[in-house]
Each structure stands twice: as structure tokens, then as C-alpha cells.
Amino acid sequence: MKATRLRPLALGLAALAVTVTLLDRARAGDDDYYPPVTDARTLQECASCHIAFPPSMLPAASWKRMMGELDKHFGDDASLDAETTAAITRYLVDHAGDAPGQASKLLRGLRPGAAPLRITELPKWVREHDEVPQSDWASKEVGSKANCPACHVDAEKGYFEDD
């Protein structure tokens, strides 16, 4: 066979290998993958201060509570106009960890109806991070437990496996 005929075949096989690798990564990381925020308004507003946390990391009650208290958002006033607040709330609630079609393993152990505001206080999160020394959280590179990308380099893509 001529080399020119082999080139498309090689490119096709390479593309297939990349696709399989990505699908395997998503499948293998089910416990550590949370679909990232895809809503432009939510990304714009939330990611302007911190990572736009995947909505499936908290139950709908948490998102409703958080969006209803934006004037005291973890010590800051993150207030938005009513239309933006309503749109972001809808997006977060529709994609929350307890929304239809979602099965967030991060919510395991959370009592029904609970509305925690901090992902870092969820039982599964606490169990998975119990080996991290307090000094790591306080380091200049990390700064807080909410700075997921400091340790999980693909956090903004929804991957939170140990790196």
C-alpha cells in the first residue's frame, strides 16, 4: 500500500484512540467526574471570583439557599440583578446533584432535605480529604479548601481525581 493511503488510516486510528481514552477517563472517573458548568451566564458570574463549581456537587436546596443569600456570600456581597439571579438559580437547580437524571455520589451520606452551603462539609468530601494536612490548606499555593484547582488540575473540566 502507498504511504498516502496509510496516512488517513493512521489519522483515523489516532482519533479513535484519543476518543476511547477520553471516554474511558470519564467512565473510570465516575466518582470523581462532575459535569462542569456550561451555562455562559453562570460561568461569567461565578467564575469571576472562584471556580464555577459543578452544580451536581450540591443538592437543589443548597443552590436555592446560596442564591437567596448572595448579599452574604461567604463574607462577600455577590448580589446580582433579579433576572440574572433567577436564571443562574434555575440552571443550578436543574443540574443539581439530586435533580432528575443526576446521581451525585458526592451527596451520599447527606441527610434528605439538607442544604449545606459548603461542598467541603459534605461527608464524602471530608472522607476523601481527611489525609490532607492542615498545613496544606493554609499554604500560599492552596489558600483554602475551596481552591480545588490547586490540587485537581482538571477541576474546571469536571475532573476531581487525585493528581
Side-chain angles (χ1 to χ4, degrees), residues 22-23 25-27 29-163:
L22 291 175
L23 288 175
R25 181 177 180 187
R27 245 190 324 250
D30 279 351
D31 281 351
D32 299 315
Y33 177 75
Y34 300 87
V37 172
T38 56
D39 178 69
R41 196 177 324 196
T42 304
L43 275 172
Q44 177 184 338
E45 295 298 339
C46 300
S48 67
C49 296
H50 54 72
I51 181 178
F53 293 100
S56 64
M57 290 185 136
L58 286 172
S62 295
W63 292 120
K64 289 177 188 174
R65 181 176 165 206
M66 189 174 307
M67 294 302 294
E69 301 175 356
L70 287 177
D71 60 326
K72 50 186 176 205
H73 187 69
F74 302 102
D76 290 322
D77 185 348
S79 297
L80 301 167
D81 64 80
E83 180 188 338
T84 301
T85 301
I88 292 173
T89 301
R90 263 191 315 278
Y91 174 79
L92 294 171
V93 168
D94 288 351
H95 296 86
D98 58 352
Q102 294 288 341
S104 179
K105 294 179 181 178
L106 191 57
L107 301 185
R108 285 185 183 161
L110 190 63
R111 64 178 173 73
L117 293 180
R118 296 180 186 275
I119 294 165
T120 59
E121 294 174 353
L122 296 172
K124 183 174 177 12
W125 190 98
V126 171
R127 276 192 313 277
E128 290 189 357
H129 294 83
D130 65 350
E131 76 283 353
V132 178
Q134 197 60 37
S135 59
D136 285 2
W137 299 121
S139 74
K140 190 188 322 186
E141 296 80 27
V142 177
S144 83
K145 292 178 180 180
N147 185 11
C148 302
C151 300
H152 304 284
V153 296
D154 287 333
E156 292 184 23
K157 296 176 187 170
Y159 294 99
F160 291 85
E161 65 270 354
D162 293 335
D163 293 324

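Quick note: residue numbers are just sequence positions, from 1.
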Answer yes or no: is there a donor N or O on one side and an acceptor on the other, between the side chain of [X] and the main chain of [Y], under 3.5 Å?
| X | Y | value |
| --- | --- | --- |
| D77 | S79 | yes |
| D98 | A60 | yes |
| S104 | M57 | no |

[atom2] on [Y] to [atom1] on [X], rounded to 0.5 Å:
| X | Y | atom1 | atom2 | result |
| --- | --- | --- | --- | --- |
| T89 | L80 | OG1 | CG | 9.0 Å |
| L106 | K124 | CG | NZ | 7.0 Å |
| R65 | L117 | CZ | CG | 3.5 Å |
| T120 | W137 | OG1 | CH2 | 8.0 Å |
| D76 | L70 | CG | CG | 11.0 Å |
| D154 | D32 | CG | CG | 12.0 Å |

**OP:** For side chain to side chain donor-acceptor pair (under 3.5 Å), just list the numbers for T84 and D81, CA-CA rounded to whole Å, side-chain angles, deciding distance to a tenth of an Å, and then say yes or no.
**Re:** CA-CA 6 Å; T84 301; D81 64 80; 2.9 Å; yes

[X] versus [Y]: any side-chain heavy-atom pair under 4.5 Å?
| X | Y | value |
| --- | --- | --- |
| P59 | P116 | yes |
| E121 | W125 | no |
| F53 | C46 | no |
| F74 | R118 | yes |
| K145 | V132 | no |
| E83 | R41 | yes |

Original post:
What are the two closest heavy atoms between W63 and P54, and how far apart are they?
Top reply: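 Nearest heavy atoms, W63 then P54: CZ2-O, 3.9 Å.
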
Original post:
Going by the angle between their ring planes, with limits at 30° and 60°, are H152 and H129 parallel, tilted or perpendicular?
Top reply: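 Ring orientation of H152 relative to H129: perpendicular.
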
Original post:
F160 vs Y34 aromatic rings, parallel, tilted or perpendicular, using cut-offs 30° and 60°?
Top reply: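 F160 and Y34: perpendicular rings.
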
**OP:** Step by step, work out the side chain to side chain contact (heavy atoms under 4.5 Å, CB included) result for M66 and S62.
**Re:** CA-CA 6 Å; M66 189 174 307; S62 295; 5.6 Å; no

**OP:** Look at atom CD of Q102 and say whether more than 12 heavy atoms of other residues, nucleotides or ligands are closer to it than 6.0 Å.
**Re:**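 Count over threshold, so yes.
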
**OP:** Report the C-alpha separation of L92 and L58 in whole Å, then their side-chain angles, then the decisive distance to 0.1 Å, and conclude whether the side chain to side chain contact (heavy atoms under 4.5 Å, CB included) test is met.
**Re:** CA-CA 9 Å; L92 294 171; L58 286 172; over 6 Å; no

